[in-house]
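These numbers come from a predicted model, not from an experiment. Just so you know, these numbers use all the heavy atoms, side chains as well, and skip hydrogens, waters and symmetry mates.
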Amino acid sequence: MQAQDNSAVGRFWAAALGWSVTGDEGVETNVEPEGFDYPGPTAVCIDVIGVPEPKTVKNRVHVDLATTSAAHQDELVARLKGLGATPVDVGQGDVPWTVLADPEGNEFCVLEPREIYRDTGPMAAVVVDCADPRAMARFWGEAMDWTVHEVTDDHASLRSANGVGPYLEFLRSPDPKTVWNRVHLDLRPYPGDDQAAEVARLRALGATPLDVGQGDVSWTIMADPEGNEFCVLVPS
């Protein structure tokens, strides 16, 4: 996630998820579950990166939080508001989930209880708006070591091949992508894998390298077939 105050946003998400701030130096704040050891499929960790630019449009990538009962949903919404979250109207209408924004306006949803998310942990899913969920499922199903669970014209979902942790979901949206995504995915090759070979594999799948002025850095910035930015990190 990008934020003007990475430390504040990182600490919000740590409290929201019940996770820990494992690093908070300069423009990077790291948030992980207690005892998490990469690589591990049980969680999608959050790195908050400080940027000078403010948020200007609705994010195309957001997080959904899971709940176990109606009472838990009400309690979680109240707790998140106490941490600094605010209700937002993104045109959702009368729906059973609650749409909130973190202290810098990054939208997220607190879902009503759903059986599919009963074992994901506090983060139910990372959700990406897109024009073609089927195409996104094809690309990301090959890009990640995850399993495609559902594909329709309007929705696609993937999850770790181990069947644990949150989902990655793609929802059809009529809105075009207009700015750099303030929330994006980072991919890290497994220990012992080659970063350059992974970048070449992703290019063959349809990803394109991007130069956003990052300079000489250890990671490679790419875009998926719909222009959603992501980073390929060095193996741990």
Side-chain angles (χ1 to χ4, degrees), residues 1-3 44 46 49 51 53-65 88-102 104-111 114 116-117 120 123-161 165-187 198-214 219-232:
M1 295 183 178
Q2 295 179 340
V44 174
I46 295 177
I49 306 300
V51 297
E53 298 85 9
K55 181 177 182 293
T56 57
V57 299
K58 175 182 174 291
N59 289 345
R60 290 183 68 79
V61 184
H62 72 267
V63 171
D64 282 352
L65 303 187
V88 292
D89 185 348
V90 294
Q92 67 267 27
D94 184 17
V95 294
W97 58 89
T98 301
V99 184
L100 300 172
D102 73 13
E104 287 206 7
N106 297 300
E107 303 87 359
F108 64 97
C109 299
V110 181
L111 302 178
R114 300 185 191 181
I116 190 174
Y117 302 130
T120 60
M123 186 187 296
V126 178
V127 183
V128 183
D129 291 347
C130 67
D132 188 345
R134 291 185 183 277
M136 289 293 94
R138 284 194 296 272
F139 172 81
W140 285 101
E142 293 288 339
M144 297 173 65
D145 186 17
W146 284 24
T147 299
V148 177
H149 279 256
E150 178 186 2
V151 181
T152 70
D153 289 341
D154 296 316
H155 175 260
S157 65
L158 297 79
R159 197 184 192 194
S160 162
Y167 287 79
L168 174 63
E169 300 182 349
F170 297 93
L171 297 182
R172 181 181 293 278
S173 170
D175 302 321
K177 183 178 185 295
T178 58
V179 299
W180 169 277
N181 290 340
R182 289 183 77 81
V183 182
H184 68 266
L185 295 173
D186 283 350
L187 304 186
E198 184 64 10
V199 168
R201 185 182 72 87
L202 291 164
R203 290 187 69 167
L205 293 175
T208 53
L210 290 181
D211 184 348
V212 295
Q214 66 267 30
W219 58 91
T220 300
I221 301 178
M222 308 189 81
D224 72 13
E226 289 201 7
N228 296 299
E229 304 87 2
F230 66 95
C231 299
V232 182

| message | Any non-hydrogen side-chain atom of Asn181 less than 4.5 Å from a side-chain atom of Asn59? | response | no
| field | Note, Pro166 side chain near Arg159 side chain (heavy atom, < 4.5 Å) | value | no
| Side chains of Arg182 and Glu104: closer than 4.5 Å at any heavy-atom pair? | yes
| Are side-chain heavy atoms of Phe230 and Leu202 found at a separation under 4.5 Å? | yes
| query | Are His155 and Pro133 side-chain neighbours, meaning at least one heavy-atom pair lies under 4.5 Å? | reply | no
| said: Let me confirm one number: the OG1-CZ distance from Thr152 to Arg134, rounded to the nearest 0.5 Å. | reply: 6.5 Å
| task | Applying side-chain contact (heavy atoms from CB on, under 4.5 Å), run through Met123 and Ile46 and close with a yes or a no. | result | CA-CA 11 Å; Met123 186 187 296; Ile46 295 177; 4.0 Å; yes
| message | Among residues at least two apart in sequence or on other chains, which ones pass ring pair (Phe, Tyr, Trp, His ring centres under 6.0 Å) with His149? | response | Tyr167
| query | Can you tell me how far SG of Cys130 sits from CG of Leu171, rounded to the nearest 0.5 angstrom? | reply | 7.0 Å
| CH2/Trp219 to CG/Asp186 distance, rounded to the nearest 0.5 angstrom? | 9.0 Å
| request: Return the minimal non-hydrogen interatomic distance between Thr120 and Tyr117, and the atom names on each side. | output: OG1-O, 3.2 Å
| query | Hey, what do you get for SG (Cys109) to CG (Leu100), rounding to the nearest 0.5 Å? | reply | 8.5 Å
| Do Asn106 and Lys55 touch side chain to side chain, with heavy atoms closer than 4.5 Å? | yes
Enumerate, atom names and distances included, each donor-acceptor pair closer than 3.5 Å involving a side-chain atom of residues 139-146, sequence neighbours excluded.
unit_1	atom_1	unit_2	atom_2	d
Trp140	NE1	Asp224	OD2	3.1
Asp145	OD2	Tyr190	OH	3.0

| field | Value rounded to 0.5 Å, distance of CG in Asp129 from CD in Glu169 | value | 11.5 Å
Side-chain donor-acceptor pairs under 3.5 Å in residues 172-180, sequence neighbours left out?
unit_1	atom_1	unit_2	atom_2	d
Arg172	NE	Asp153	O	2.7
Arg172	NE	Asp154	OD1	3.4
Arg172	NH1	Ala131	O	2.6
Arg172	NH2	Asp153	O	2.7
Ser173	OG	Asp175	N	3.2
Lys177	NZ	Val179	O	3.0
Lys177	NZ	Gly227	O	3.4
Lys177	NZ	Glu229	OE2	2.8
Trp180	NE1	Gln2	OE1	3.3

| request: Carefully, step by step, assess Val99 and Val110 under the rule side-chain contact (heavy atoms from CB on, under 4.5 Å). | output: CA-CA 6 Å; Val99 184; Val110 181; over 6 Å; no
| said: So Ile49 and Met1, do their side chains get closer than 4.5 Å, heavy atoms only? | reply: no
| request: Any chance you could lay out the side-chain contact (heavy atoms from CB on, under 4.5 Å) test for Met222 and Val199, step after step, and finish with the verdict? | output: CA-CA 9 Å; Met222 308 189 81; Val199 168; 3.9 Å; yes
| request: Measure the CG-OG1 distance between Asp211 and Thr220 for me, rounded to the nearest 0.5 Å. | output: 11.5 Å
